[in-house]
Amino acid sequence: MNAYKRLQETFYTRGDVLTIARELLGKQLVSFSEGQLTAGIITETEAYNGIIDKASHAYGDRRTKRTDTMYQGGGIAYIYLCYGIHSLLNVVTNISGIPHAVLIRGIYPVAGQEIMSRRIGRKISAKEGIGPGKVTKLLGLTYADDREDLIRSNKVWIEDADVLIPDNHVMITPRIGVGYAGEDALLPYRFMVDGKIIKL
DNA sequence: CGGCCGATCCACT
DNA sequence: GTGGATCGGCCGA
């Protein structure tokens with residue numbers, strides 16, 4: 001039923017986190033959580049550029065129990081709790097020792113919409129999934145799923161679903177909610193789909 | 001050890 | 001437009 005190809009390690013371990021954040025647009029994020037399959041096309045991402053990026057948890061090479069996940073090799077999930085309530089899903093990139101990550105901020109639901117509705121407590125709209133806290137809620141993921149292996153896990157992974165997002169439908173802006181990051185708050189590290197998703 | 005605050009969302013005014 | 005929910009990480013004393 002589903003012949004889509006899961007993204008492999010070579011996709012995640014590349015050095016340019018901005019390129020990966022851009023290329024994740026249109027990819028299909030799938031979760032098989034609580035025995036339920038849900039999936040969405042990624043529509044919004046943000047890049048976090050490691051120890052030199054003031055907006056990153058790993059700024060200044062701050063390696064703690066929490067940020068240690070980002071120091072692992074690319075291809076795993078970094079999920080942490082924000083505002084005490086929301087679990088935020090990131091994709092760890094680059095090689096082991098370099099704490100790069102891409103925050104998944106938005107998805108367009110394509111499978112398991114009824115499951116998603118139940119998880120969120122009401123019917124989802126077509127544009128549901130905007131906002132990183134909502135992404136994890138729809139997919140049934142929490143910070144307990146931190147470090148899940150996107151390449152080998154049967155709980156959460158990302159695959160190429162033959163969705164093409166042309167450059168003229170990609171909007172690039174500064175990141176959200178990172179005012180504390182000084183001049184780095186202005187960097188154009190946020191990528192979002194503007195307009196139609198084109199399925200081949 | 002205490003206190004502040006964050007890569008947010010939603011209900012309510 | 002705004003404030004409440006809710007908790008772990010981090011910093012300063």
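In what follows, every chain begins at residue 1, and chains take the letters A, B, ... in the order their sequences are listed. We use all heavy atoms of the structure for the numbers below, so side chains are in, but hydrogens, waters and symmetry mates are not.
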**Student:** Quickly work out the A:Glu44 CD to B:dA7 P distance and round it to whole Å.
**Tutor:**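 After rounding, the gap between these two atoms is 16 Å.
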**Student:** How many Å lie between NZ on A:Lys123 and P on B:dC10, as a whole number?
**Tutor:**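 It is 17 Å, rounded to the nearest whole Å.
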**Student:** Between A:His100 (NE2) and B:dA7 (C1'), how many Å, whole number?
**Tutor:**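 It is 16 Å, rounded to the nearest whole Å.
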**Student:** So does A:Tyr108 have more than 12 non-hydrogen atoms from other groups sitting under 6.0 Å from OH?
**Tutor:**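 Counting other residues, nucleotides and ligands, OH of A:Tyr108 stays at 12 neighbours or fewer.
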**Student:** Which nucleotide, if any, forms a Watson-Crick or G-U wobble pair with C:dG1, using both distances under 3.5 Å?
**Tutor:**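 Base-paired to B:dC12.
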**Student:** Please measure how far the P atom in C:dG1 lies from the corresponding atom in B:dA7, and state the result in whole Å.
**Tutor:**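 The answer is 23 Å between these two P atoms.
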**Student:** A:Arg175 CZ to B:dA7 C1': how many Å, rounded?
**Tutor:**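 So the two atoms are 9 Å apart, to the nearest Å.
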**Student:** Between A:Asn49 (CG) and B:dA7 (C1'), how many Å, whole number?
**Tutor:**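 So the two atoms are 15 Å apart, to the nearest Å.
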**Student:** When rounded to the nearest Å, what value does the distance between C1' atoms of B:dC10 and C:dG8 take?
**Tutor:**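 Rounded to whole Å, the distance is 22 Å.
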**Student:** For B:dA7, does either OP1 or OP2 sit under 4.0 Å from a side-chain N or O belonging to A:Arg190?
**Tutor:**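 Negative; the distance criterion is not met.
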**Student:** Would you verify whether the NZ or CZ of A:Arg62 falls within 45 degrees of the ring axis of A:Tyr59 while also being under 6.0 Å from that six-membered ring's centre?
**Tutor:**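 Here A:Arg62 fails the 6.0 Å and 45° test against A:Tyr59.
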**Student:** Heavy atoms under 4.0 Å is the rule here; annotate nucleotides 5-13 of chain C 5' to 3' with B where the base is hit, S where only the sugar-phosphate is, and - elsewhere.
**Tutor:** BBB-SSS--
**Student:** Which distance, rounded to the nearest 0.5 Å, do you find between the OH of A:Tyr12 and the CG of A:Asn94?
**Tutor:**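 The OH atom of A:Tyr12 sits 14.5 Å away from the CG atom of A:Asn94.
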**Student:** Tell me which of A:Gly177 and A:Ile120 sits closer to the 5' end of DNA chain B, going by the nucleotide each one is nearest to.
**Tutor:**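 Per heavy-atom nearest nucleotide, the more 5' residue is A:Gly177.
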**Student:** Take A:Tyr78 and A:Arg66, measure what side-chain contact (heavy atoms from CB on, under 4.5 Å) needs, and give me the verdict at the end.
**Tutor:** CA-CA 9 Å; A:Tyr78 169 46; A:Arg66 177 173 69 151; 3.6 Å; yes
**Student:** Compute whether any side-chain donor of one residue and acceptor of the other, for A:Tyr48 and A:Asp184, lie under 3.5 angstrom apart.
**Tutor:**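 On atom types as modelled, these side chains do not qualify, holding no pair under 3.5 Å.
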**Student:** Base, sugar-phosphate or nothing for A:Arg122? Non-hydrogen atoms, less than 4.0 Å.
**Tutor:**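 Touches sugar-phosphate only.
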**Student:** With a cut-off of less than 4.0 Å, is there a side-chain N or O of A:Tyr180 near OP1 or OP2 of B:dA7?
**Tutor:**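 Looking at the OP1 and OP2 atoms of B:dA7, one of them is under 4.0 Å from a side-chain N or O of A:Tyr180.
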**Student:** Going by ring centres under 5.5 Å and near-parallel planes (under 30°), is A:Tyr48 stacked on B:dA7?
**Tutor:**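 Per 5.5 Å and 30° rule: yes, stacked.
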**Student:** Taking atom types as modelled and ignoring hydrogens, do the side chains of A:Asp53 and A:Ser56 form a donor-acceptor contact shorter than 3.5 angstrom?
**Tutor:**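 Checked: A:Asp53/A:Ser56 side chains show no N/O donor-acceptor pair below 3.5 Å.
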**Student:** Starting at NZ of A:Lys54 and ending at P of B:dA7, how long is that distance when rounded to a whole Å?
**Tutor:**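 One finds 15 Å between P of B:dA7 and NZ of A:Lys54, rounded.
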**Student:** Heavy-atom count around A:Lys27 NZ within 6.0 Å, excluding the residue itself: above 12?
**Tutor:**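 Counting neighbours around NZ of A:Lys27, more than 12 heavy atoms of other residues, nucleotides or ligands fall under 6.0 Å, so yes.
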**Student:** Under a 3.5 Å limit for both distances, which nucleotide forms a Watson-Crick or G-U wobble pair with C:dT6, could you say?
**Tutor:**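 Pair assignment: C:dT6 / none.
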**Student:** Measure the distance from CE on A:Met116 to C1' on B:dC9 and round it to the nearest whole Å.
**Tutor:**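 That distance rounds to 17 Å.
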**Student:** Could you state the atom-to-atom distance from CG of A:Leu138 to C1' of B:dC9 in whole Å?
**Tutor:**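 Atom CG in A:Leu138 sits about 12 Å away from atom C1' in B:dC9.
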